[in-house]
**Student:** 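Structure in structure tokens, see below.
The structure displayed is predicted, hence computed values, not measured ones.
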Amino acid sequence: IFYYFVRLCLDKILLQCVLQSRTLSGADAINALRPFYFAVHPDFFGQHPKEREVNENSLKRLNGYLENLQKPGFRSFKPTQLTFYVREREPNSSNVQESFSASGFRAVSFTLHTRDLLSTVLDILNSCSLSTEHVQSLNVSSQPHKEAKSTVNRPIKWDKTYYSFTGFKDPEEELEQAQRVETTLLSWLDYNEASAVKKLKKSLPLRKELERLKIELSHELQLSDIRWQRSWGIAHRCSQLHSLGRLVQQRPEVLENVKGRTVVFTDRSGMSAAGHIMLGTMDVHHHWTKIFERLPNYYKLQKRLLLLEDRISQLLGGIQVIYIEELQPLLTLEEYFELLNSFYNKLRDSRLPFHPRSLRGLQMILESDRYAPSLHEFGHFMIPTVCDPAALQWFIFAKAQEARENLKRKEEMMITEKELISTSTERFSLDRLYKEPSVSSAQMIDCCKRLLEESLPYLQGMHLCVSHFYSVLQDGDLCIPWNWKN
């Protein structure tokens, strides 16, 4: 009887702790997380599409976690791993919104396993190295939280033999085990398969509608392709194509110059550095019409841009200047032209002694947010526009042979990646297997090789996206991290 009495007392104490720890309201939590939202909000990563997409998806999962914390009686908490790109703070700024630098950011990963809003908010802020002082000023009593903490850390601490003898669970041991829990691929698929299948079935009619609209518009306008910069849901994509279709019917004359081009739905309208027609999803038909009317001028600017790339190539021994959509910020044609022009003028004035055609076969991209040159695993040089010409010359000469080897390895790697995607799609009867732009070929290859070693009946007919985290998208796509654990 004594043991059951003790157990009853323990249960009451723990219940009191849980109730007291939920003193932070949902509105207070959002207010407390304002510095965090300013640091990671996707709107501040407009020129960094990869980082923007990671933050968008992580915010969705975080919001879901916070919503579950506020549901009465919700007990099924699973550790949730999140990754955010956090903008660096300026050292001397008192304004919360303006205290972040536009150029620098860092990746932060952390796992949430807290069961109350206050602890969750503090964990998020501390993980991102953000101040927690303002949390104390919120209209919430922190005393119950302190009392709860002191109650848990009471002077009475039961010996391990007590739990062995009675069969009761040691709360300290349970907490340690929960903190060590890491999501495995099989357990996550088992838990989320039903939800993903339900969402996928619901989205199938819209997916067919999207494919139909895309084919019809591409054929009617003789487009090379229609793409989306961000991972909007199927319904949003259909809506955007319907909107373009209405413009085609109302103003067919303004779309005479789009033949052979790629249309990209994105955050702003114009022409991209890659020569694609960008249609801002927040813009109305009037803005789109203006872009289509300006296409002849954009094509003239594009010719000047190609000429500028050739001139830079001649000054750097024949190295090819390229623009890689997946790896570089989304720039307009005008922005990229200014970047090239500035770099060209700097090179021309420095008169670097490169032997003509000595670097033919090599590639480089220009970047405005770096200060030192580097060599990418795919073999192209990443050159800052502010790079010192002498340092640039030394770096290119020193790394030229390694760059050629990387370029050769890139071709082999891309062939291997394509073969593994095809094999994996067939092996697991997937409807589609793809990756996010931020996942490299090496990471995709590693992921696919390990997938092929597993038996995964959950994946039949599914859409699988290789990413950096676990998530079920709104249309039923399954996202798994490339470095998943088994």
**Student:** For the residue pair Met444 and Ile421, establish whether any side-chain heavy-atom pair is separated by less than 4.5 Å.
**Tutor:**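 Yes - at least one pair of side-chain heavy atoms lies under 4.5 Å apart.
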**Student:** Apply side chain to side chain contact (heavy atoms under 4.5 Å, CB included) to residues Asp267 and Gln229 and explain how you reach the verdict.
**Tutor:** CA-CA 8 Å; Asp267 294 324; Gln229 182 209 351; 4.0 Å; yes
**Student:** Return yes if some donor-acceptor pair links the side-chain N/O of Glu193 with the main-chain N/O of Asp190 below 3.5 Å, else return no.
**Tutor:**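 No; judged by distance alone, with no hydrogens or angles, the pair does not exist.
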**Student:** Which atoms form the tightest heavy-atom contact between Leu473 and Tyr434, and what is the distance?
**Tutor:**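 The pair with the smallest heavy-atom distance is CD1-OH, 4.2 Å.
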**Student:** Given Trp484, which of Leu186, Leu451, Thr183, Leu189 fulfils the side-chain contact (heavy atoms from CB on, under 4.5 Å) condition?
**Tutor:**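 By the side-chain contact (heavy atoms from CB on, under 4.5 Å) criterion, Trp484 pairs with just one of Leu186, Leu451, Thr183, Leu189: Leu451.
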**Student:** How about Phe395 and Phe381: do any of their side-chain heavy atoms sit closer than 4.5 Å?
**Tutor:**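 Phe395 vs Phe381: side chains touch.
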**Student:** Quick one: does Ile322's side chain get under 4.5 Å of Met364's, heavy atoms only?
**Tutor:**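 In short, these two side chains do not touch, never coming nearer than 4.5 Å.
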**Student:** Closer than 3.5 angstrom, by distance alone: can the side chain of Ser239 be matched with the main-chain N or O of Ala235 as a donor-acceptor pair?
**Tutor:**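 Such a contact is absent between Ser239 side chain and Ala235 backbone.
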**Student:** Backbone N or O of Leu295 within a donor-acceptor pair of the Asn257 side chain at under 3.5 Å?
**Tutor:**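 Checked: no pair found.
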**Student:** Looking at Gly280, is its backbone amide N or carbonyl O close enough to the side chain of Ser269 to form a donor-acceptor pair, meaning the two atoms are under 3.5 Å apart?
**Tutor:**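 It does hold such a pair.
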**Student:** Determine whether Lys259 and Leu221 satisfy the following criterion, side chain to side chain contact (heavy atoms under 4.5 Å, CB included), listing intermediate values before the conclusion.
**Tutor:** CA-CA 6 Å; Lys259 183 179 179 180; Leu221 299 176; over 6 Å; no
**Student:** Charged N to carboxylate O below 4.0 Å: is that the case for Arg251 and Glu253?
**Tutor:**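 Yes, Arg251 and Glu253 are salt-bridged.
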**Student:** How close do Val86 and Cys128 get, counting heavy atoms only, and between which atoms?
**Tutor:**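 Nearest pair, atom of Val86 first, then Cys128: CG2-SG, 4.0 Å.
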**Student:** Looking at Lys485 and Asn483, would you say the former's side chain and the latter's main chain have a donor-acceptor pair under 3.5 Å?
**Tutor:**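 A pair under 3.5 Å: yes.
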**Student:** Charged N to carboxylate O under 4.0 angstrom, Arg52 versus Glu56?
**Tutor:**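 Yes.
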**Student:** Using modelled atom types and a 3.5 Å cut-off, is there a donor and acceptor pairing between side-chain atoms of Arg427 and backbone atoms of Leu452?
**Tutor:**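 Flag set: sc Arg427 to bb Leu452 pair under 3.5 Å.
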**Student:** Hey, what's the ring geometry for Phe354 with Phe397, parallel, tilted or perpendicular (30° and 60° as the breaks)?
**Tutor:**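 If you compare the ring of Phe354 with that of Phe397, the planes turn out tilted.
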**Student:** Is it true that Asn486 and Glu454 share a donor-acceptor pair across their side chains at a distance under 3.5 Å?
**Tutor:**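 Yes.
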**Student:** Please give me the minimum heavy-atom distance between Arg261 and Gly275, naming the atom from each residue.
**Tutor:**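 That closest heavy-atom pairing would be NH1-O, 3.1 Å.
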**Student:** In terms of the angle between their ring planes, are Trp288 and His285 parallel, tilted or perpendicular, with boundaries placed at 30° and 60°?
**Tutor:**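 If you compare the ring of Trp288 with that of His285, the planes turn out tilted.
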**Student:** Kindly give the heavy-atom pair with the smallest separation between Met462 and Ala196, and that separation in Å.
**Tutor:**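 Closest heavy-atom pair between Met462 and Ala196: CE-CB, 3.6 Å.
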**Student:** I want to check something: taking the side chain as every heavy atom from C-beta on, are Val472 and Leu478 in contact at a cut-off of under 4.5 Å?
**Tutor:**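 Counting from C-beta outward, Val472 and Leu478 do come under 4.5 Å.
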**Student:** For the atom pair CG (Leu241) and CZ (Arg246), what is the distance rounded to the nearest 0.5 Å?
**Tutor:**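 Going from the CG atom of Leu241 to the CZ atom of Arg246 covers 11.0 Å.
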**Student:** Is the closest basic N to carboxylate O distance between Arg268 and Glu334 below 4.0 Å?
**Tutor:**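 Between Glu334 and Arg268 there is no salt bridge, as every charged N stays at least 4.0 Å from the carboxylate O atoms.
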**Student:** Looking only at atom types and distance, does a side-chain atom of Ser313 sit under 3.5 Å from a main-chain N or O of Ile319, one as donor and one as acceptor?
**Tutor:**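 It does hold such a pair.
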**Student:** Are the aromatic rings of Phe378 and His380 close, with centres under 6.0 Å apart?
**Tutor:**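 Ring-ring flag for Phe378/His380: false, centres at least 6.0 Å apart.
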**Student:** What are the two closest heavy atoms between Leu125 and Ala32, and how far apart are they?
**Tutor:**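 Between these two residues, the closest heavy atoms are CD1-O, 3.9 Å.
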**Student:** Heavy-atom count around Gln460 CD within 6.0 Å, excluding the residue itself: above 12?
**Tutor:**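 Check fails, neighbour count at 12 or below.
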**Student:** Check for a donor-acceptor pair, side chain of Gln443 on one end and backbone N or O of Ser440 on the other, with a separation under 3.5 Å.
**Tutor:**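 Yes: the side chain of Gln443 pairs with the backbone of Ser440.
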**Student:** I'd like to know if Glu325 pairs up with Arg227 as an ion pair, taking the criterion as any Lys NZ or Arg NE/NH1/NH2 lying under 4.0 Å from an Asp or Glu carboxylate oxygen.
**Tutor:**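 Answer for the salt bridge query: yes.
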**Student:** List the residues meeting side-chain contact (heavy atoms from CB on, under 4.5 Å) with Ser127, not counting sequence neighbours, and say none if there are none.
**Tutor:**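 Listed in chain order: Phe110.
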**Student:** Check whether any side-chain heavy atom of Leu62 sits under 4.5 Å from a side-chain heavy atom of Ile124, and report yes or no.
**Tutor:**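 Yes, their side chains come closer than 4.5 Å.
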**Student:** Would you say CZ of Arg357 has more than 12 non-hydrogen atoms from neighbouring residues, nucleotides or ligands within 6.0 angstrom?
**Tutor:**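 Not buried by this count: 12 neighbours or fewer within 6.0 Å.
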**Student:** Would you say CD of Gln250 has more than 12 non-hydrogen atoms from neighbouring residues, nucleotides or ligands within 6.0 angstrom?
**Tutor:**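 More than 12 heavy atoms, drawn from other residues, nucleotides or ligands, come within 6.0 Å of this atom.
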**Student:** We want to know whether Ser422 and Thr425 form a side-chain donor-acceptor pair, criterion being a heavy-atom distance below 3.5 angstrom.
**Tutor:**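 Their side chains do not contain a donor-acceptor pair, so the 3.5 Å distance test is not met.
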**Student:** Is Ser203 reaching over with its side chain to a backbone N or O of Asp475, donor-acceptor style, under 3.5 angstrom?
**Tutor:**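 Present.
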**Student:** Are there more than 12 heavy atoms of other residues, nucleotides or ligands under 6.0 Å from atom CZ of Arg360?
**Tutor:**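 Not more than 12 within 6.0 Å, no.
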**Student:** Side chains of Arg294 and Asn297: donor-acceptor distance under 3.5 Å anywhere?
**Tutor:**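 Arg294 vs Asn297: no donor-acceptor pair found between side chains.
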**Student:** Does any part of the side chain of Leu255, heavy atoms only, come nearer than 4.5 Å to the side chain of Val248, both counted from C-beta?
**Tutor:**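 Yes, at least one pair of side-chain atoms sits under 4.5 Å.
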**Student:** Treating Ser350 as the side-chain partner and Leu347 as the backbone partner, does any N or O pair qualify as donor plus acceptor under 3.5 Å?
**Tutor:**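 Confirmed, Ser350 side chain pairs with Leu347 backbone.
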**Student:** Are Lys208 and Glu211 within salt-bridge range, i.e. N to O under 4.0 Å?
**Tutor:**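 The answer is no: the pair does not qualify as a salt bridge.
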**Student:** Can you check side chain to side chain contact (heavy atoms under 4.5 Å, CB included) on Thr266 and Thr281, steps first, answer last?
**Tutor:** CA-CA 6 Å; Thr266 180; Thr281 56; over 6 Å; no
**Student:** Salt bridge or not for Arg207 and Asp477, using N-O below 4.0 Å?
**Tutor:**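 Here Arg207 pairs with Asp477 in a salt bridge, since their nearest N and O are under 4.0 Å apart.
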**Student:** Which pair of non-hydrogen atoms, one from Pro389 and one from Lys346, has the smallest distance, and what is that distance?
**Tutor:**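 Scanning both residues completely, I find the closest heavy atoms to be CD-CE, 4.1 Å.
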**Student:** Give the intermediate values and the outcome of salt bridge (charged side-chain N to carboxylate O under 4.0 Å, His left out) for residues Lys399 and Glu402.
**Tutor:** CA-CA 5 Å; Lys399 297 287 185 177; Glu402 184 181 348; 3.5 Å; yes
**Student:** Does Arg87 make a cation-pi contact with Tyr85 (under 6.0 Å, within 45 degrees of the axis)?
**Tutor:**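 No cation-pi geometry.
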**Student:** Is it true that Glu417 and Lys435 have a side-chain N and a carboxylate O under 4.0 angstrom from each other?
**Tutor:**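 Answer for the salt bridge query: yes.
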**Student:** Looking only at side-chain N and O atoms, does Ser342 offer a donor or acceptor that is under 3.5 Å from a partner on Thr385?
**Tutor:**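 Ser342 and Thr385 do not have a side-chain donor-acceptor pair below 3.5 Å.
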**Student:** Kindly indicate, with the supporting measurements, whether the criterion side chain to side chain contact (heavy atoms under 4.5 Å, CB included) is fulfilled by Ile480 and Phe469.
**Tutor:** CA-CA 6 Å; Ile480 64 169; Phe469 45 77; over 6 Å; no
**Student:** Would Glu216 and Arg212 satisfy salt bridge (charged side-chain N to carboxylate O under 4.0 Å, His left out), going step by step from the backbone distance to the final call?
**Tutor:** CA-CA 6 Å; Glu216 287 181 359; Arg212 182 188 67 80; 2.8 Å; yes
